[in-house]
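Letters go in sequence order (proteins before strands), and every chain restarts at 1. Excluded from the calculations below are hydrogen atoms, water molecules and symmetry mates; all remaining heavy atoms, backbone and side chain alike, are included.
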Amino acid sequence: MSEAVRVSDLTKTYPARRGGARVVAVKDVSFELAKGESLGLVGESGSGKTTLTRLLVGLARPDAGTIVIDGRTREGRERGRAARLRRAKEVQMVFQDPYGSLDRRMSVEAALRDVLRRHLPDPAKDTVRARISELMDHVGLSEKHLGSRPHELSGGQRQRVAIAKALAVDPAVLVLDEAVSALDVSVQAQILALLNRIRAETGVSLVFVTHDLAVVNEVTGQILVMYKGEAVERGVTAEVLRRPRHPYTDMLLSSAPGPNWQPERVAELRAAFAGTP
Amino acid sequence: MLLAIEDLHLSVPSPEGPRRILRGVSLDVSEGETVGLVGESGSGKSTTARAALRLLPERASLSGAVSVCGHDMAGGDPAVVRKVRSGLAAMIFQEPRAVLNPVRRIGGSATERLVHVHGVAKAEARRRIATLFGEVGLGDADRLLRAYPHQLSGGMLQRVVIAAALSTGPRLLLADEATSALDVTTQAEVLALLRRLQREREMGVLFITHDLQLAAAYCDRVYVMKDGAVVEHQQAGTIFVNPSDPYTKALADAVPRLPQRDDTRDHTMETSA
């Protein structure tokens with residue numbers, strides 16, 4: 001079993017406002033992700049990438065299709081604490097704003113201990129402490145940060161803590177939802193390097209949800225481009241970015257600022273695209 | 001010169017003694033020019049722009065010269081400050097939702113400066129804003145004026161804010177991360193719009209961003225700031241090619257890049273559209 005994720009024909013709709021047809025957020029999306037591989041999930045706001053990640057982590061249930069993670073098929077009606085804890089070990093998520101996912105009253109050590117107590121089979125003091133130092137070491141934080149609360153850390157350090165928390169349960173898949181978008185470029189580069197190292201060391205699979213194609217280019221092997229809920233292009237990142245086949249991918253690529261970038265040209269392309277069905 | 005800042009020092013008192021926020025910043029913006037101000041968090045780029053409008057903490061101590069359209073803002077004469085803020089210069093920020101009152105209709109927020117500062121009649125102010133909405137590519141102005149901020153997307157709200165900023169006919173526009181929260185495609189649309197409006201009105205724009213790629217592609221000249229000082233000043237086209245300062249070089253190296261495109265099919269869009 002070398003696949004961490006296998007998603008087939010996933011569809012999710014939401015009820016529309018009064019009388020309208022249901023809003024299709026994700027439509028017939030399929031993809032696989034091998035263990036220790038990384039996937040970039042790209043698209044504009046409203047393309048369905050957030051819904052897709054919500055389905056992956058179990059925050060929403062699909063209308064149709066199957067999700068297999070780490071060899072286990074996600075059941076339609078999973079309820080209760082045991083199922084929740086099991087899902088947590090399968091997929092973990094890191095968000096754009098670590099402030100939102102860290103309890104401001106808790107020190108780094110308390111936050112990590114909290115996660116480990118819930119998940120370790122043997123939550124003895126010594127094992128927990130050993131695992132905490134291991135995690136801190138993993139994400140490049142020193143022991144002196146253990147006593148710090150979120151507001152005493154920099155943005156990059158906070159994101160490292162969020163990553164450590166996610167890694168604490170040794171998940172099969174780590175979903176990073178715009179996790180580096182709010183960081184300064186130099187800090188962003190450090191975090192991306194860190195994630196690459198963690199992937200190599202632990203064999204965790206990474207899903208990068210982002211609108212930043214350059215980031216996807218640097219850290220992912222596979223790419224999935226979403227538009228209006230559908231996966232319009234899928235393939236090896238370097239190839240897709242070099243030779244986009246779908247016009248939407250092409251438009252996304254020309255939107256990214258760089259040499260020869262003309263905002264007027266992008267606006268024209270987008271207008272032309274909005275006209276196509 | 002629309003904006004001239006010379007040897008600006010700024011410090012705020014703290015328990016450990018004065019904290020120096022700006023250490024001798026000099027920059028200028030002329031008519032019709034887009035000038036980039038780049039740097040990481042805490043480099044002082046926002047403070048520099050805010051100094052142009054004197055949007056500074058009361059306790060801050062300031063030295064150096066700041067002038068907007070020839071008016072001295074460093075002296076802090078209330079009449080001058082009011083004149084500059086109410087008409088000559090305007091500022092737009094990253095998050096339009098933080099600027100617009102969520103329980104007030106768009107029309108009320110957008111006409112605020114015209115009605116309350118310039119004494120324009122309400123109906124006339126709404127008419128002028130409706131015209132500006134057309135110019136920034138927002139249709140159905142009547143419905144928009146009655147809408148609340150939560151009913152619009154981020155891209156639309158940022159256009160509303162731009163229209164409101166332009167309503168008093170500013171000569172200088174300070175854009176502080178104005179497109180950073182938008183999708184790349186929406187960002188490009190808003191920037192295309194901003195460039196067109198700027199050319200038509202010969203405005204000067206100080207474009208603050210943390211995105212070095214964007215600054216290099218969009219601006220005419222770029223200043224790079226670090227720790228409250230300008231470390232580099234260059235034409236935008238050459239900033240990646242030969243950065244003179246080691247910090248700029250480090251920044252440029254840290255920026256993730258896209259691979260070279262195989263542009264054998266440049267006109268994909270036209271054929272499929």
Side-chain angles (χ1 to χ4, degrees), chain A residues 42-47 154-156 180-190 192 211-219 237-276, chain B residues 38-43 94 137 153-155 179-196 209-219 226 236-237 240-241 247 250-273:
Chain A
V42 300
E44 290 169 278
S45 321
S47 61
S154 68
V180 296
S181 312
L183 303 172
D184 280 324
V185 281
S186 56
V187 182
Q188 185 181 58
Q190 289 169 14
L192 291 178
H211 64 268
D212 193 334
L213 290 171
V215 166
V216 167
N217 178 49
E218 298 236 324
V219 292
T237 305
E239 276 174 28
V240 170
L241 294 183
R242 214 169 281 141
R243 283 183 295 274
R245 279 180 314 236
H246 195 278
Y248 180 70
T249 316
D250 196 32
M251 189 200 65
L252 269 188
L253 272 167
S254 25
S255 306
N260 306 322
W261 171 84
Q262 290 296 331
E264 294 82 4
R265 170 94 182 116
V266 180
E268 276 169 34
L269 281 177
R270 195 189 198 186
F273 203 82
T276 58
Chain B
V38 185
E40 298 195 278
S41 320
S43 60
Q94 174 164 4
S153 68
T179 58
S180 308
L182 305 174
D183 270 331
V184 277
T185 41
T186 315
Q187 165 172 280
E189 276 183 1
V190 171
L191 288 176
L193 162 82
L194 203 58
R195 188 181 273 175
R196 177 169 60 75
T209 179
H210 67 279
D211 189 338
L212 201 55
Q213 290 267 15
L214 179 63
Y218 184 70
C219 302
K226 180 182 187 252
F240 272 116
V241 190
Y247 177 70
L251 263 190
D253 289 343
V255 175
R257 310 274 180 122
L258 283 168
Q260 276 292 318
R261 295 271 293 276
D262 291 352
D263 262 338
T264 42
R265 308 171 312 147
D266 195 24
H267 300 287
T268 334
M269 287 308 300
E270 283 77 353
T271 49
S272 70

Checklist entry - Would Trp261(A) and Leu191(B) satisfy side-chain contact (heavy atoms from CB on, under 4.5 Å), going step by step from the backbone distance to the final call? => result CA-CA 11 Å; Trp261(A) 171 84; Leu191(B) 288 176; 3.5 Å; yes
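- Per-residue counts of heavy-atom pairs under 4.5 Å with chain B were compared for Val219(A), Leu253(A), Leu213(A), Leu192(A); the largest is that of Leu253(A).
- When all heavy atoms of Gln187(B) and Pro257(A) are compared, the pair lying nearest together is NE2-CG, 3.7 Å.
- Proximity to chain A is absent for every atom of Ser153(B), based on heavy atoms less than 4.5 angstrom apart.
- Heavy-atom distances place both the backbone and the side chain of Tyr218(B) under 4.5 Å from chain A.
- Both the backbone and the side chain of Glu40(B) come within contact range of chain A, with heavy atoms under 4.5 Å apart.
- Only the side chain of Arg195(B) comes within less than 4.5 Å of a heavy atom in chain A; its backbone stays farther off.
- Ranked by heavy-atom pairs under 4.5 Å with chain B, the list Ser186(A), Ala267(A), Ala189(A), Ala238(A) is led by Ser186(A).
- Applying the side chain to side chain donor-acceptor pair (under 3.5 Å) criterion to Asp184(A), with sequence neighbours excluded, gives Ser41(B).
- Note: Glu218(A) leads Gln262(A), Gln188(A), Gln190(A), Glu218(A) in heavy-atom pairs under 4.5 Å with chain B.
- A search for salt bridge (charged side-chain N to carboxylate O under 4.0 Å, His left out) contacts involving Glu239(A) returns nothing, not counting sequence neighbours.
- Options Leu251(B), Asp253(B), Asp183(B) differ in how many heavy-atom pairs under 4.5 Å they form with chain A, and the most are formed by Asp183(B).
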